[in-house]
Number of protein chains: 2
Amino acid sequence: MLEIPNRDRKRERRESVRVEILEAAWTLARDHGLPGFTLREVARLVGMQAPSLYTHFDSRHAIIDAMFGQAWRECGLAMEAVAPEHPLPARAWLRLAAHSYFDFCTSDPVRNQLMNQRSVPGFVPTAESYAHAVAVLEMFTSGLATYSVTRREDIDLYTALIGGLVDAQLANDPGGDRWRRLLDRSVDMYADNVGL
Amino acid sequence: MLEIPNRDRKRERRESVRVEILEAAWTLARDHGLPGFTLREVARLVGMQAPSLYTHFDSRHAIIDAMFGQAWRECGLAMEAVAPEHPLPARAWLRLAAHSYFDFCTSDPVRNQLMNQRSVPGFVPTAESYAHAVAVLEMFTSGLATYSVTRREDIDLYTALIGGLVDAQLANDPGGDRWRRLLDRSVDMYADNVGL
DNA sequence: GTCTATACACCGATAGAC
DNA sequence: GTCTATCGGTGTATAGAC
């Protein structure tokens, strides 16, 4: 059969164009903010006319949705070291998880805005993209469960604590480490509270 | 002298128009999101043509800046009960401050987005508007100082903790109380950590 | 199938008449 | 101070060339 390889080539080509478009979108978003990047600029950056983008994405929201999914998927990869197959003492794991997530989020303010803040008015992630976000939360919950932290309030407190440090860092000291330096102390504070 | 009262009347009239414009902007922002409200809709709501708004505000950003200052000023008023002239035991004060701020922020998601997240790409608050935000932070720092909490790290941890709960509540359970119920516990956790 | 060309309705902002 | 007219820009969509 020759058809399958041909189809694959085509799919690959299409996929690479999609990736190219997304990279252009990220570049522009980092420069002009998330609501600031325009389809015409994205098209210009990849050497197309604006309407041609609609061949690869149904709408501007679809591009943003793909970026959302991509961001959370990469977050999951960045947190691979936190996966349950690496057994650690409780506080060491809490620290590792916190640092992995914190560093990933603060390394790209615009990406964090898309991931964690409802910053694009009409945008609601598709189920497929949202699944990647749920997967990351699942890494936290299953990791905590390893140390018998299973109550929802305990999990909620941990995510709010780390998320608060991320937001404070990005909002008040972007590029610095004023709140990053509070990570370990925050983890200990939390561990004391839940009795770890 | 008759001139002064006339001038005052004029100033009052102008000021009331400004307030009317801001109220319309808030109404639309709550409905369509912060980037969603348009000058044409604001104008229509106050019975003007869009360009006439430029008589009262220099730009769309200027309207947003006024909203920013207004929001933080109202936040300061809502936290009057936390002012240092009301002596309280340390943890009682921490709880009161946390609840006042939390309830104010979560009662209006769009307002919180404007206050605490860099959600409008080109927007940087003017010094005058930003001063109102600094004043609220000052209420926290001076309040904490009452209980000999003066180290910057301790203050930063407190603000990040409360802010994290606010953001988690708004992002994951808007209108609910899933993270609000963690406020008192969080305050105790913090108080334990700083030795109060 | 993929792209170019073009149109639409809307946006923030400005110029100038009254 | 408010208006009309208008500018260059936007996201979106369709028609039609190759």
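Residue numbers start from 1 in every chain, and the chains themselves are labelled A, B, ... in the order their sequence lines are given, proteins ahead of strands.
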Requested in this report: At the 4.0 Å heavy-atom cut-off to chain B, mark where contacts on DNA chain D begin and end, going 5' to 3'.
Outcome: D:dG1 to D:dA5
For [X], which residues count as a side chain to side chain donor-acceptor pair (under 3.5 Å) partner, sequence neighbours excluded?
X      : value
B:R73  : none
B:R30  : B:D108
B:E153 : B:R151
A:E74  : none

**Report entry** ring pair (Phe, Tyr, Trp, His ring centres under 6.0 Å) partners of residues 26-58 of chain A, not counting sequence neighbours, each pair once
**Finding:** none
Query raised in the report: Can you list the residues that meet the ring-ring contact (aromatic ring centres under 6.0 Å, His included) rule with A:Y130, with sequence neighbours excluded?
Result: none
Query - B:Y190: partners by ring-ring contact (aromatic ring centres under 6.0 Å, His included), with sequence neighbours left out - result: B:Y158
Query raised in the report: Got a sec, which residues hit side-chain contact (heavy atoms from CB on, under 4.5 Å) with B:R91, two or more places apart in sequence or on another chain?
Result: B:R95, B:D188, B:A191, B:D192
Query raised in the report: What are the residues of residues 24-45 of chain B, sorted by number, that bring a heavy atom to within less than 4.0 Å of DNA chain C?
Result: B:F37, B:T38, B:L39, B:R40
Query - Residues touching DNA chain D, which here means a heavy atom under 4.0 Å, drawn from residues 53-63 of chain A - result: A:Y54, A:R60
Report task. Please determine, by modelled atom types, if B:T55 and B:S52 share a side-chain donor-acceptor pair under 3.5 angstrom. Result -> no
Query raised in the report: Hey, does A:R14 reach any base, or is it just sugar-phosphate, or nothing, if we go heavy atoms under 4.0 Å?
Result: sugar-phosphate
Report task. Enumerate the residue pairs fulfilling side chain to side chain donor-acceptor pair (under 3.5 Å) with a member in residues 33-42 of chain A, sequence neighbours excluded, ordered by first and then second residue. Result -> A:T38-A:E41
